[in-house]
Amino acid sequence: LWNIHKKLKVREEDIELERDVFAYLDKNYRYLNNYVRDINESLFTAPATAIIKGRIFAENLSKEICTLSGYGPLSSMSQFDRLHKLKSRGILNSEIDSLFQSVRVMGNKAAHTGVEGELEVALNIHKNIYKITCWFVKTYIDSTFEASPYKNPMPMTGGSTSIDDEVIAKIIAKTMESFKEKQPQND
């Protein structure tokens, strides 16, 4: 199964809408956009890498929010403390704070102990980062920005946009296996 994951990439047309929001980062936040590219490249091939890159992206974006909001000294705090301060000062609403916290927790688990169902977690982080970035763009870059609904990325094999049924079946089987392991046993 690992060899199959190595061959998968995100289809370009599936990241088109993300490219629109992330294009706003190119001018002043190119390093953040580089993380997004890394996440997209590793999403299906190395989900653990995508998770960790997602966590780093969120940490750096929260530091940028501190600076833009006049709370630059918060940048030296841990992500947990920084998010708490940003929320308590009214910079982050509950929804955005929850998205940041989710990325932080999942990213920390992946970095320190590993996570079950890595692909599912990586896809969840991908979605959270999209939503956080849409909020950031609308709040700090372009108040007229209107976010498109999130679209789940699809893997691509060997430069082709069609996916072998066997590849899909194996990915689904691995996800279901991980899901079953998480369910409580009724003995």
Item to check | Asp142: partners by side chain to side chain donor-acceptor pair (under 3.5 Å), with sequence neighbours left out | outcome: Tyr24, Thr144
Checklist entry - For residues Asn152 and His126, is any side-chain donor paired with an opposing acceptor at under 3.5 Å? => result no
Checklist entry - What residues, two or more places apart in sequence or in another chain, satisfy side-chain contact (heavy atoms from CB on, under 4.5 Å) together with Tyr31? => result Tyr35, Asn60, Glu64
Next on the checklist: Applying salt bridge (Lys or Arg N to Asp or Glu O under 4.0 Å) as the test, list every pair that has at least one member in residues 46-62; sequence neighbours left out.
Outcome noted: Asp38-Lys53, Arg55-Glu59
Item to check | Spacing of Leu86 atom CG and Asn93 atom CG [to the nearest 0.5 Å] | outcome: 11.5 Å
Item to check | For Arg104 against Phe80, the heavy-atom pair lying closest together | outcome: NH2-CD1, 3.5 Å
Checklist outcome for this item: Residues at least two apart in sequence or cross-chain that pass side-chain contact (heavy atoms from CB on, under 4.5 Å) with Ala48, listed by chain then number, are Glu118
Next on the checklist: For Phe22 and Tyr130, take the angle between the two ring planes, folded into 0 to 90°, and tell me which bin it lands in: parallel under 30, tilted 30 to 60, perpendicular over 60.
Outcome noted: perpendicular
Next on the checklist: To check you understand the geometry: which heavy-atom pair defines the closest contact between Phe57 and Ile39, and what is its length?
Outcome noted: CB-CD1, 4.5 Å
Checklist entry - How would you list, by chain and number, every residue that makes a salt bridge (Lys or Arg N to Asp or Glu O under 4.0 Å) with Lys138, sequence neighbours excluded? => result Glu146
Next on the checklist: Going by side chain to side chain donor-acceptor pair (under 3.5 Å), name the residues that satisfy it together with Thr67, two or more places apart in sequence or in a different chain.
Outcome noted: none
Item to check | Distance-minimising heavy-atom pair for Val103 and Ala58 | outcome: CG1-CB, 3.7 Å
Checklist entry - Any donor and acceptor pair, going by atom type alone, linking the side chain of Ser102 with main-chain N or O of Ser98 inside 3.5 Å? => result no
Checklist entry - Any donor-acceptor pair under 3.5 Å linking the side chain of Ser75 with the backbone of Gly72? => result yes
Item to check | Distance (rounded to the nearest 0.5 Å) between Asn128 CG and Leu99 CG | outcome: 4.5 Å
Checklist entry - Just how far is it from atom CG of Leu68 to atom NZ of Lys63, taken to the nearest 0.5 Å? => result 14.5 Å
Checklist entry - Roughly how far, to the nearest 0.5 Å, is CD1 of Ile65 from CG of Leu83? => result 8.5 Å
Checklist entry - Residues in side chain to side chain donor-acceptor pair (under 3.5 Å) with Gln79, at least two apart? => result Ser62, Arg82
Checklist entry - Under 3.5 Å, side chain of Thr139 to main-chain N/O of Phe136, donor-acceptor pair present? => result no
Item to check | With Arg37 via salt bridge (Lys or Arg N to Asp or Glu O under 4.0 Å) - residues at least two apart | outcome: Asp26
Checklist entry - What residues, two or more places apart in sequence or in another chain, satisfy side chain to side chain donor-acceptor pair (under 3.5 Å) together with Ser78? => result Asp81
Checklist entry - Which atom pair, heavy atoms only, marks the closest approach of Lys131 to Ile96? => result O-CD1, 4.4 Å
Checklist entry - Tyr71: what forms a ring-ring contact (aromatic ring centres under 6.0 Å, His included) with it, not counting sequence neighbours? => result none
Checklist outcome for this item: All heavy atoms of Leu43 vs all of Pro153, minimum pair found to be CD2-CG, 3.4 Å
Next on the checklist: Tell me the closest heavy-atom pair linking Gly54 and Ile129, and the distance in Å.
Outcome noted: CA-CD1, 3.4 Å
Checklist entry - Residues in side-chain contact (heavy atoms from CB on, under 4.5 Å) with Ser42, at least two apart? => result Thr45, Ala46, Thr49, Ala50
